[in-house]
Amino acid sequence: MESDHEDLAKQDWESARGNNEVLQKPPKEAGTWLSSRYCLAYLAFFGFANVYALRVNLSVAILSMVNSTYQHGHSSSNAPPAVSCQQNIINNTVTKEGEFKWDESQQGVILGSFFYGYIVTQLPGGYLAGKYGSKWLFGGGVLCTSVLTLLTPIAARSSYKLLIALRVLEGFGEGVTFPAMHAMWGRWAPPVERSFLISLTYAGSQFGTVISQPISGVLCSSEFMGGWPSVFYLFGVLGIVWCIIWFRFAHSSPEDHPTISKEELAYIKSTITPTNPSEPVPWLDIAKSKPVYALSVAHMCNNWGFYTLLTCLPTYLKDILQFDISKSGFVSALPYLVMWISINVMGFAADWLRSGGYLNTTQTRKLFNSFGMLGPGLFLVCAGLVGCDQVLAVVLICLATCVNAAVYPGYNSNHVDLSSRYAGVLMGISNSFATIPGFLAPAVVGILTENNNTRGQWQIIFIIAACVYLFGTIFYIALGSGEEQKWNRSKRIEARPLLEGSDHED
């Protein structure tokens, strides 16, 4: 019975391929906003909100954890610490000293240590999700990180090295999340809705940042549960609560969903390449694919600028623009609030252009990716050149994240275009490259600002990010593609015209 069901799905898919209906719109009976696939997107949205809340809360909390008097007194330079934008300092502001004696370089190592573990589980996460399903892998990764987050205050007060080790383990748990989710959308997302569903899901990352940073700032300035430790207790508990909901209602594939309508199931299966976990991953073909290299380089270059802001923006606002800790959490969340809104708009616009026939998938991916990488580079450079104007600097950073949202229907949806069957593996590959900036970018910031934490040094940091963005844009334009690759199709399915009627393969 299962075999007959699988054969029928393959016949439906072949029929759709043969009639060039790969981008067919969903029939009314398949539903949209309240359908099973959209409900999965909503649930995954809050999942990634937790993923990023668990990841970035330390960026704000560390400002209250560090003893700045010790830091300046034990600088390797004999010169007094430079203070930028002194006119922005409010004289009656009282700063509570932290309990940990870490310099800028040590802080950079702590902030970047998460990514040493994160990079290890990228490829295994994508492979395991494709072979065994994403539900338990994704939920288990978040659960692991949530539990470890609860232990952060204990680890920090025990030793500097233990905190680093704990952050590495947190990264190890979260490393499976993006590959697992991409593998899940490879089974759930019809091509015509792909940009929007993926963008909606990962918009949760920005929402989590928007919520966690201001709340972290308020908690750090309070006496609730000791101030900064309450940040880790709150978000650790929220992560565990979400995991319980996810394990109850999420399903790895449409076939596993007990209440999906027959019409929606038929629609999804007729537009997506059937999966066959027993077939080996075509590693050699993937290794030779130019589009895979293109999206991997674009992913890595985008993350350099993104992680520079994500982990270091609160420090820039506090030390350079002189925002106090209770306000810096709110202000540093503004760019991600703008990005959260923009991601959904960009994803919808990309699918509208594709479904309307205005642009093909390759053109859409390259257009949005270029806009999403060149724009942030320009605005970040401008933000470093506006002096001590707090409002204008924050506005420019918000514009940078607003246009950066275009990369979600750019390279970030491209894995599923190239191969819906191995989308998790492709995300594991590209996110492995993209994790490198996660520990390099904070380290570079720490090196450039140690003993010289000035506006001039941050201008250099923003210029470096802009150059990396430019390189990634050019590389993706040159080698990127939105066409399904031949190695995505099962060997048991006769070759058919590829996405958008082309037999091209790089």
Side-chain angles (χ1 to χ4, degrees), residues 9-10 13-14 16-18 20-24 122-123 126-127 129-131 178-179 181-195 198 269-300 350 354 359-369 409-434 475-506:
K10 291 180 179 179
W13 178 79
E14 290 185 76
R17 286 292 194 186
N20 294 321
E21 294 177 349
V22 178
L23 294 182
Q24 68 187 89
Q122 293 295 318
L123 196 53
Y127 174 78
K131 195 168 185 64
F178 277 91
M181 197 68 242
H182 250 52
M184 185 172 269
W185 281 127
R187 298 180 178 184
W188 272 96
V192 74
E193 298 175 330
R194 191 170 286 161
S195 302
I198 292 174
K269 295 179 71 172
S270 69
T271 59
I272 296 177
T273 308
T275 59
N276 183 10
S278 64
E279 286 190 10
V281 176
W283 295 109
L284 183 60
D285 290 321
I286 292 174
K288 295 189 298 184
S289 176
K290 293 178 183 177
V292 172
Y293 284 105
L295 69 87
S296 297
V297 170
H299 198 166
M300 179 174 64
R354 294 168 64 234
L359 296 174
N360 62 34
T361 301
T362 298
Q363 293 166 340
T364 301
R365 300 296 181 231
K366 290 185 177 182
L367 173 65
F368 279 79
N369 196 73
Y411 81 81
N412 208 41
S413 298
N414 197 202
H415 311 73
V416 191
D417 297 327
L418 300 179
S419 174
S420 60
R421 300 176 68 212
Y422 306 111
V425 171
L426 297 189
M427 173 56 85
I429 292 171
S430 75
N431 214 17
S432 294
F433 286 102
F475 199 94
Y476 189 77
I477 290 175
L479 299 179
S481 173
E483 298 173 355
E484 181 191 12
Q485 303 298 286
K486 287 181 179 178
W487 40 265
N488 180 57
R489 290 172 290 171
S490 172
K491 295 178 180 179
R492 290 186 290 172
I493 298 178
E494 183 182 356
R496 297 283 182 176
L498 294 182
L499 190 62
E500 295 165 0
S502 172
D503 282 318
H504 172 74
E505 180 187 11
D506 291 291

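Small disclaimer: the values here were computed from a predicted structure and weren't measured. For the single chain, residues carry numbers from 1 onward in sequence order.
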>> I'd like to know whether His182 forms a side-chain contact (heavy atoms from CB on, under 4.5 Å) with Ile198, so could you lay out the CA-CA distance, the side-chain angles of the two residues, the decisive distance to 0.1 Å, and finally the verdict.
In response: CA-CA 8 Å; His182 250 52; Ile198 292 174; 4.2 Å; yes
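Shown here for Thr361 and Gly482, the closest heavy-atom pair between the two residues is CG2-O, 3.4 Å. Closest approach of Phe433 to Ser296, counting heavy atoms only: CD1-CB, 3.8 Å. For the pair Ala183 and Ala129, the tightest heavy-atom approach, listed with the atom from each and the gap, is CB-CB, 3.7 Å. Residues Asn360 and Thr362 share a closest heavy-atom pair of OD1-N, 3.2 Å. The two atoms that bring Gly480 and Lys366 nearest to each other are O-CE, 3.1 Å, heavy atoms only. Residue Ala298 comes nearest to Tyr476 through the heavy atom pair CB-CD1, 3.9 Å, listed as atom of the first residue, atom of the second, then distance.
With hydrogens and angles disregarded, no donor-acceptor distance shorter than 3.5 Å links the side chain of Glu193 to the backbone of Pro190. Proximity of a side-chain donor or acceptor of Ser420 to a complementary backbone N or O of Val416 within less than 3.5 Å is not detected. Side-chain N or O atoms of Asn369 include one that pairs as donor or acceptor with a backbone N or O of Tyr411 at under 3.5 Å. Under a 3.5 Å cut-off, the side chain of Asn488 and the backbone N or O of Leu418 do not form any donor-acceptor pair. Under a 3.5 Å cut-off, the side chain of Arg365 and the backbone N or O of Ser481 do not form any donor-acceptor pair.
A distance of 10.5 Å separates CG in Leu426 from CG in Asp417, rounded to the nearest 0.5 Å. Leu295 CG to Ser289 OG: the interatomic distance, rounded to the nearest 0.5 Å, is 8.0 Å. Considering CG of Asn412 and CE of Met427, their distance stands at 4.5 Å, rounded to 0.5 Å. Rounding to the nearest 0.5 Å gives a distance of 8.0 Å between OG1 of Thr273 and CZ of Arg489. Considering CZ of Arg187 and CD1 of Ile272, their distance stands at 10.5 Å, rounded to 0.5 Å. Between the NZ atom in Lys288 and the CH2 atom in Trp487 there is a gap of 11.5 Å [rounded to 0.5 Å].
Inter-residue side-chain proximity for His415 and Trp185 is flagged as unmet; no heavy-atom pair is nearer than 4.5 Å. Residues Ser419 and Gln485 fail the side-chain proximity criterion, which asks for heavy atoms closer than 4.5 Å.
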